[in-house]
2 protein chains.
Amino acid sequence: MAEAVASGRDDRTAKARIRDSAIATFAAHGVEGASVRLVAEGAGVSPALVIHHFGSKEALRRACDVHVAAVIREQKREAIAAGAGLDPLAALRGAAGGLPLLRYLARTLADGTEEVAELLDELVGDAEGYLAEGVETGLLKPTAYPRQRAAVLLLWSLGALVLNEHVRRLLGADLTADLGDPEALAAAGAYFGPVLELYGQGLMDEGYARRLREALDPGPSSGSGQGPG
Amino acid sequence: MAEAVASGRDDRTAKARIRDSAIATFAAHGVEGASVRLVAEGAGVSPALVIHHFGSKEALRRACDVHVAAVIREQKREAIAAGAGLDPLAALRGAAGGLPLLRYLARTLADGTEEVAELLDELVGDAEGYLAEGVETGLLKPTAYPRQRAAVLLLWSLGALVLNEHVRRLLGADLTADLGDPEALAAAGAYFGPVLELYGQGLMDEGYARRLREALDPGPSSGSGQGPG
DNA sequence: CCGGCTCCTGAACGATCGTTTATTCTCGTG
DNA sequence: CACGAGAATAAACGATCGTTCAGGAGCCGG
């Protein structure tokens with residue numbers, strides 16, 4: 001039952017190849033839209049071997065979730081040692097096999113399995129810590145909602161990742177590209193530029209925002225649906 | 001070939017019932033995960049009638065996209081007459097059958113069909129107009145990227161909608177709930193509160209944000225992956 | 001040479017899928 | 001009443017799905 005380590009002269013274990021192919025295939029077609037046969041073809045094995053190693057398609061999907069979460073956690077730990085930025089997924093973009101994981105996340109985040117939910121909770125906790133550090137050094141502004149602000153910022157980042165196709169069409173920036181590539185980084189500026197402007201100066205007049213916020217809290221019979229978006 | 005209008009004493013046309021059931025079923029299980037038989041059961045008809053009226057499952061999905069886009073466009077027009085807020089989807093939340101459409105959007109936005117892409121482009125254009133108005137009246141701050149800022153804000157809103165399940169778990173706010181309900185509105189404050197704080201005061205020290213932004217534009221060999229997230 | 005073990009496969013099974021076909025039901029119209 | 005047209009269905013078809021099963025290929029200690 002131990003993990004196979006028969007990495008002799010050639011490539012990865014067949015089990016690892018199946019898992020990587022599943023991550024790529026699920027990312028490309030969605031979990032429901034990707035068949036076991038397609039995953040097997042991508043790994044160069046028979047469909048039966050996929051079931052033999054993972055038991056079922058659903059278990060394969062769980063294994064993908066666990067693996068993606070594990071890699072992200074490891075990259076995160078390395079990023080902490082190197083001095084983390086604000087983007088909890090930045091380390092993935094540069095990592096060797098990070099991009100398929102990013103695309104897998106982008107495709108499966110909306111489905112919401114238990115494993116990725118736990119990962120998200122963890123990332124929110126990390127982000128809250130990073131944000132608190134930034135506040136202490138004066139680079140970030142203090143907040144009345146430390147944990148909620150961390151959650152919102154992470155959800156915005158991941159939401160943009162999930163809508164990556166629309167980000168690319170509307171702005172020309174591919175968030176699942178390797179930002180080490182200068183061309184991709186320049187294109188990503190169409191997203192990060194206005195984002196940084198918003199992060200720097202905000203969007204609204206402060207008094208206006210405060211009034212809207214105060215209108216939320218007590219909750220008498222205020223006006224009709226005028227959400228802040 | 002004309003639209004059936006046999007709405008006599010009872011409810012909607014069977015074709016309309018099928019379309020509404022498809023919207024709800026696709027929203028609940030995803031398009032790939034929902035079968036024609038399930039859609040038919042929800043509409044109280046036979047599976048064959050679904051194909052008889054729409055030709056194929058894919059055509060049914062396109063019809064759902066078209067219908068959702070049409071309803072949103074109409075609600076949008078009414079919202080303009082009533083004086084629009086910043087949330088382009090606010091009108092949907094209060095509308096009679098708006099919630100299923102919202103959940104359909106949340107589930108299918110990531111798939112990216114042509115019809116919803118056109119709708120998104122349209123919504124970005126509208127948002128750019130609203131933002132420009134806000135800048136003129138002094139409620140919103142000016143920007144160097146008018147269209148990109150509109151796109152980013154819309155993508156953040158829709159991204160949070162797509163990740164609604166995580167928003168609910170992390171913050172306790174359900175963005176697909178009827179915000180006319182005071183309890184749901186209060187819960188949504190856990191999302192809109194930090195959002196409005198960010199919109200009001202921003203996130204970063206302005207000089208720090210400007211330095212990060214300038215590091216993006218020219219693009220010499222700057223440091224490794226430290227995205228703004 | 002041999003039995004056993006692991007990795008792996010070809011072929012098939014039952015279920016479910018989207019869709020087709022033939023048929024019945026409903027009902028306004030001449 | 002006769003009749004044609006659309007609404008609606010039951011039943012089945014071929015395809016594909018996830019999964020099972022029996023066994024082959026290669027290797028290793030005896």
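Below, read A as the first sequence line, B as the second, and so on, with proteins coming before strands; counting in each chain starts at 1. The figures here come from the full heavy-atom set of this structure, side chains too, leaving out hydrogens, waters and symmetry mates. Predicted, not measured: the structure shown is a model, and the values here were computed from it.
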Please enumerate all residues that pass side chain to side chain contact (heavy atoms under 4.5 Å, CB included) together with A:Glu165, with sequence neighbours excluded.
A:Arg168
Residues which pass side-chain hydrogen bond (donor to acceptor under 3.5 Å, both in side chains) with A:Asp20, listed by chain and number, not counting sequence neighbours:
A:Arg12
Sub-3.5 Å pairs of nitrogen or oxygen atoms, protein against nucleotides 24-26 of chain D:
none

Report the C-alpha separation of B:Leu171 and A:Val152 in whole Å, then their side-chain angles, then the decisive distance to 0.1 Å, and conclude whether the side-chain contact (heavy atoms from CB on, under 4.5 Å) test is met.
CA-CA 9 Å; B:Leu171 298 173; A:Val152 164; 4.1 Å; yes
Pair A:Ile72-A:Leu105, side-chain contact (heavy atoms from CB on, under 4.5 Å): steps then yes or no
CA-CA 10 Å; A:Ile72 289 179; A:Leu105 259 190; 3.5 Å; yes
Could you go through nucleotides 21-27 of chain C and list every protein N or O atom that sits under 3.5 Å from one of its N or O atoms, giving the distance for each pair?
none

Using whole Å, what does the distance between atom P of nucleotide C:dT19 and atom CZ of B:Arg61 come to?
13 Å
Residues in salt bridge (charged side-chain N to carboxylate O under 4.0 Å, His left out) contact with B:Asp121, at least two apart in sequence or another chain
A:Arg169
Near DNA chain C, counting only heavy atoms under 4.0 Å, which residues of residues 23-35 of chain B show up?
B:Ala34, B:Ser35
Going by side chain to side chain contact (heavy atoms under 4.5 Å, CB included), name the residues that satisfy it together with A:Ala27, two or more places apart in sequence or in a different chain.
A:Arg103, A:Tyr104
Side chain to side chain contact (heavy atoms under 4.5 Å, CB included) against A:Asp178, all qualifying residues, sequence neighbours excluded
A:Leu99
Under 3.5 Å donor-acceptor, A:Ser21 side chain and A:Val39 backbone
yes
Could you please spell out the steps behind the side-chain contact (heavy atoms from CB on, under 4.5 Å) verdict for A:Leu120 and A:Leu158?
CA-CA 10 Å; A:Leu120 266 201; A:Leu158 298 178; 3.0 Å; yes
A:Glu41 has an atom CD; how far is it from atom P of D:dG18, in whole Å?
13 Å
By nearest atom, which of the nucleotides D:dA8, C:dT9, D:dA12 is closest to the B:Arg37 side chain?
D:dA12
Residues passing the salt bridge (charged side-chain N to carboxylate O under 4.0 Å, His left out) test with A:Glu122, sequence neighbours excluded, are A:Arg73, A:Lys76
Listing, residues 42-61 of chain A side-chain donor-acceptor contacts under 3.5 Å, not counting sequence neighbours, or none:
{"unit_1": "A:Ser46", "atom_1": "OG", "unit_2": "A:Leu49", "atom_2": "N", "d": "3.4"}
{"unit_1": "A:Ser56", "atom_1": "OG", "unit_2": "A:Ala59", "atom_2": "N", "d": "3.1"}
{"unit_1": "A:Lys57", "atom_1": "NZ", "unit_2": "A:Val31", "atom_2": "O", "d": "2.9"}
{"unit_1": "A:Lys57", "atom_1": "NZ", "unit_2": "A:Ala34", "atom_2": "O", "d": "2.7"}

A:Tyr191 versus A:Leu170: any side-chain heavy-atom pair under 4.5 Å?
no
Here the distance between atom C1' of D:dG18 and atom CD1 of A:Ile18, to the nearest Å, is 15 Å
Residues touching DNA chain C, which here means a heavy atom under 4.0 Å, drawn from residues 51-59 of chain B
B:Ile51, B:Ser56, B:Lys57
Whole angstroms only, please: what is the NZ-P distance between A:Lys15 and C:dT6?
14 Å
Among residues two or more places apart or on two chains, list those pairs meeting salt bridge (charged side-chain N to carboxylate O under 4.0 Å, His left out) that have a residue in residues 23-51 of chain B.
none
